[in-house]
Amino acid sequence: MHHVEASELENQKRLFGTNGIRGLVNKELTPEFTARIAASIGTFFGHGQLLLGYDGRTSNIMLANAVSSGLVSTGCDVHDAGMAPTPCIQYAVKNHRMDGGVMITASHNPAEYNGIKVFGNDGVEISRPQEIKIENIFFGNQMRCVEWRDVGHVHVLSQTLDEYKRAVKEHVDIDAIRKKHYHVVVDPANGVGSLVTPYMLSELGCQVTTINANIDGTFPSRPPEPKPENLQDLVAAMKAIRADVGVAFDGDADRSIFVDETGEIQWGDRTFALIERDFLQTDRGTRIVTPVSSSQVIKDIAEEYGGKLVWTKVGSTVVSYTMKKLRAKLGGEENGGVFYGPHQPVRDGAMTTALILNIMAKTEQNLSQILNELPRYYLEKDKIECPNEKKQRVLEELIAEVRHLNPETVDGVKLWFAEKSAILIRPSGTEPIYRFYAEAKVKEEASALVREYKGKLHQIINS
Ligand code: MG
């Protein structure tokens, strides 16, 4: 056995971050620590039926076995669905009427990380108050340890990938897509996206070319975050093959970023706007849930097609929760997370891919043509240093100063101006800085907005 030191996560007295529990493999997330977390999760769920899944990282089986051990030690039964995308596991929790689920993934983080996400019986990540219950069980050492005769069972659940694929396809016009024989290039970053979308696309009559589609937890081809600088292989493949669409996933295939047939990367807010427009054309007046960090283009489409925008804090779980609370059917993030409520109110890369093809087939246009119909904005980013202890006062003073401009203050300060420009001023959650994101139809206008508000903030910080 290796020597285990109290991990960072334990010392902080908090396990869950904004996206579940994340840590360095065998430094923070050791088998021992993971089994104790799992016993806390099992205690929280009572004697429940829990689904277990994992992504393609090198520590997946090690941590899955630790989670499994911890869960059955509390009397829960484990249904092991194996390697799968996160949205597939979330769908399976609901579809198999489980009491909850655990996914072992570090999403888009580098290869040396792994993590644990916990889902409720509807497949949505548990809420912060529920996470606190699990943390209290963990730090209070109150894991239930059942008698020998009551140890839970581990079952293998083998059909979840097929069931998920079928469920996604139910939401699109299969015949219309099949007739088009689209050529699609898929780049799953050597992650679990390899297990679903390429096969689903074949079933939709597409010609499929994959790159980086052998599962490899060392991520040998590109980092698992689908940022433009990581998508150069996909862009090159699109230009060489002249396919109709390219799609790249993050490591657990809940986020998807598209490349059009000209080889241009289309950022997540643009593809989300496309889905938003299509959705509002048939379901006018519906609510669209999106974080304040989303582009102006989302607001333009909502205004043009009668959608009601609901702004949230930045983060995928808060979008899911807001959708559930308001019974909203569509949500989206600028980073390529689309939440399609009729399927499930969580980010889902395979669902997003199917929706984009559905829109292409319906409009009978190339992806670049449809996207060119959307308004274009220039984005300017900047930051300013601000000590953490000053952040709250700075925020309050900024809000007071801009009150006449009717700010949205759910997360930082967002302001909209005439000529459709906007700025978001937001304190970083991890660094002693404030960030600025300005958008305008003209580049100079976006830069001017950043300059103006950077000046204002500079004054407030130093006052
Ligand atoms: Mg992810």
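Every number for a ligand or one of its atoms is a count from 1 in the order of the listing.
Among residues at least two apart or in separate chains, there is no salt bridge (charged side-chain N to carboxylate O under 4.0 Å, His left out) pair with a member in residues 204-215.
None of E125, E131, Q130 except one satisfies the side-chain hydrogen bond (donor to acceptor under 3.5 Å, both in side chains) rule with R128; the exception is E131.
Note on the Mg ion (ligand 1): protein N/O/S atoms under 2.8 Å are S107 OG, D250 OD2, D252 OD1, D254 OD1.
In this view, N65 and I61 satisfy the side chain to side chain contact (heavy atoms under 4.5 Å, CB included) rule, not counting sequence neighbours.
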Per-pair distances, 0.1 Å, donor-acceptor, side chain in residues 227-245, under 3.5 Å, sequence neighbours excluded:
from : atom 1 : to   : atom 2 : distance (Å)
N230 : ND2    : E225 : O      : 2.8
Q232 : NE2    : P228 : O      : 2.9
D244 : OD2    : H183 : N      : 2.7

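The shortest side-chain heavy-atom distance between T271 and T352 does not fall under the 4.5 Å cut-off.
In this pair, W416 and W311 present their aromatic rings tilted. The plane angle is within the 30 to 60° band.
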